[in-house]
Number of protein chains: 2
Amino acid sequence: MDQDDQYDPSAYPAVAVTVDVVVLTIRADVLHTLLVRRGEQPFEGAWALPGGFVRPDEDLPAAAERELIEETGLGGPVAHLEQLASYGAPDRDPRLRVITVAYLALVPALPTPVAGGDAQHAEWRPVAPLLTDPRLLAFDHAQILADGVERARAKLEYSPLATAFCADEFTVAELRRVYEVVWGTGLDPRNFHRKVTGTPGFLDPVGRVTAGERGRPAELFRAGPAAVLHPPMLRP
Amino acid sequence: MDQDDQYDPSAYPAVAVTVDVVVLTIRADVLHTLLVRRGEQPFEGAWALPGGFVRPDEDLPAAAERELIEETGLGGPVAHLEQLASYGAPDRDPRLRVITVAYLALVPALPTPVAGGDAQHAEWRPVAPLLTDPRLLAFDHAQILADGVERARAKLEYSPLATAFCADEFTVAELRRVYEVVWGTGLDPRNFHRKVTGTPGFLDPVGRVTAGERGRPAELFRAGPAAVLHPPMLRP
DNA sequence: GCAAAAGTGTTGGGAGTACACCCATGA
DNA sequence: TCATGGGTGTACTCCCAACACTTTTGC
């Protein structure tokens, strides 16, 4: 707010501000998002992104993290949480003017099964049908979800974000599955291995290997310190 | 807004929502931004980004475009206007809780001199000193400006956005100056020429050349239809 | 031994860089 | 004719896609 607009709250009717979170994870080699079933009008019974009001003295990232923890039940710091965009069409909520700040979260598969707390009604759902039929989601949440998925796809190229989908320790093949699932493409395992292990700061070797799997044991890695990838991973 | 947060306005005190615009242009081979001088507390007399309250039935992009036109006095559609991010730290405005949705606008040099309308106090200022000393701007506007400049720098790589800084018709050399000024680097004129003319959809030849300049006349181009650049321009 | 998965070597093509060179105009 | 800036040609390098190959396990 600036300059010569006088501060006069009565002249600018109250606007509600909410935070909605696009939570993405990979389950059984399929990209899923966390949805809640609405228990009231409008869109009663429809699926919606988890979210809620921003509290009076709460920062926006804090509100997003709170909503995420409440719905997923996971503890500790979230693997990845970033602001996505804001949505404020005057008619996006028929009750009152609501502007929502959307966040994007990427979490490992099943950090803990979604239950407990006040989120018995939250469920993981595959994203694909939600992108093809926007009417499956309440409000403009299909658009928000689509923007979140596109952001994730784009950021896999130039950031080490794919590791946010993996457990603490993971193999190169698991990381490759992340790229393949999110991008919906196939990648050459040999070239992928060379590329990720050759990108400085992407992966830190743990020094151990997997056991009990079929085939040759794979080396284990953790996410490295790099914030951006040079050179980037390229979508085929 | 979703799920089981009951709608009860009294439980969630009013939040003011504003739109602030980072307007970037190039004047005399220096990157400038549009600033206004605040006429009231807080930060009275300090420089700030142009912006103001979102009106009750106004969409967010419409509010940003309105603010931009009010401050710059330019008519017609804006060359480029995109949402940047939202900022909502509880103490960013000492008077009340204000959440601002920041937009980024890129405009050609001096679309019309900033004057007329209600913006006699708006001025173009070089961005460089504002980035090095955040205290030169009110509120958290230095952070918003820094995010806007970084966004512009990044998007020049993979989008044809640089043309938004140019007039309707421009030469390859003028386009190259845009890259050099925004990135703060030097570029090889020969390779740059080959690259931009060889990227499909980036430039549409007008079929005429400049006259009255020193040296060989340059071919004139308009912005082409491409939305993304394949391959991208690479920062040295 | 055989299948399956991990990891390495090699090669050819395409894009980027550096720089020599030619073209067209004003003074 | 010379200086200035626009535009092209060419060789070198590096990255990446493609694919053959070796290694190490479970069955």
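Convention: sequence-line order gives letters A, B, ...; per-chain numbering from 1.
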Over how many whole Å does the gap from A:R216 atom CZ to D:dC21 atom P extend? 17 Å
Comparing B:V209 with B:L234, nearest DNA chain C nucleotide closer to 5' gives the residue B:L234
Figure out the CG/P separation between A:L187 and D:dC19, and round it to whole Å. 15 Å
Check whether any side-chain N or O of A:Y103 sits under 3.5 Å from a backbone N or O of A:L81 as a donor-acceptor pair, and report yes or no. no
Taking only side-chain nitrogens and oxygens of B:H193, does any of them come within less than 4.0 Å of OP1 or OP2 of D:dG6? no
Under 4.0 angstrom, heavy atoms only, what part of the nucleic acid is A:P231 near: base, sugar-phosphate, or nothing? sugar-phosphate
Hey, is A:E174 close enough to A:R177 for a salt bridge, meaning N to O under 4.0 Å? no
Within the modelled atom types, does a donor on one side and an acceptor on the other bring the side chain of A:R214 and the base of D:dT25 under 3.5 Å apart? no
Heavy atoms only: give me the nearest B:P236-B:L187 pair and the separation to one decimal. CG-CD2, 3.7 Å
Which nucleotide wins on minimum distance to the side chain of B:D188, given the candidates C:dC19, C:dG16, C:dA6? C:dC19
Assign each of A:R190 and B:R194 to its nearest nucleotide of DNA chain C by heavy atoms, then name whichever residue's nucleotide is nearer the 5' end. A:R190
Rounded off to whole Å, could you give me the CZ-to-C1' distance for the B:F192 and C:dA18 pair? 17 Å
Write down the distance between CG (B:L203) and P (D:dG7), rounded to a whole number of angstrom. 11 Å
Given D:dG6, C:dG7, D:dA18, the nucleotide with the shortest approach to the side chain of A:V172: C:dG7
Look at all strands and tell whether B:A173 reaches a base, only sugar-phosphate, or nothing, counting heavy atoms closer than 4.0 Å. sugar-phosphate
Establish, with yes or no, whether the OP1 or OP2 oxygen of C:dA15 is under 4.0 angstrom from a side-chain nitrogen or oxygen of B:K195. no
Please report the distance, rounded to the nearest Å, between CZ in A:R208 and C1' in D:dT24. 18 Å
Quick one: B:R176 CZ to D:dG7 P, roughly how many Å, whole number? 10 Å
From the options D:dC19, C:dA18, D:dT24, select the nucleotide whose nearest atom is closest to the side chain of B:N191. C:dA18
Could you pick out which residue, B:F221 or B:G215, lies toward the 5' side of DNA chain D when each is mapped onto its nearest nucleotide? B:G215
Nearest heavy-atom contact between B:A146 and B:L131 is CA-CD2, 3.7 Å
What I'd like to find out is whether the side chain of B:F221 reaches to under 4.5 Å of the side chain of B:T163, using heavy atoms alone. no
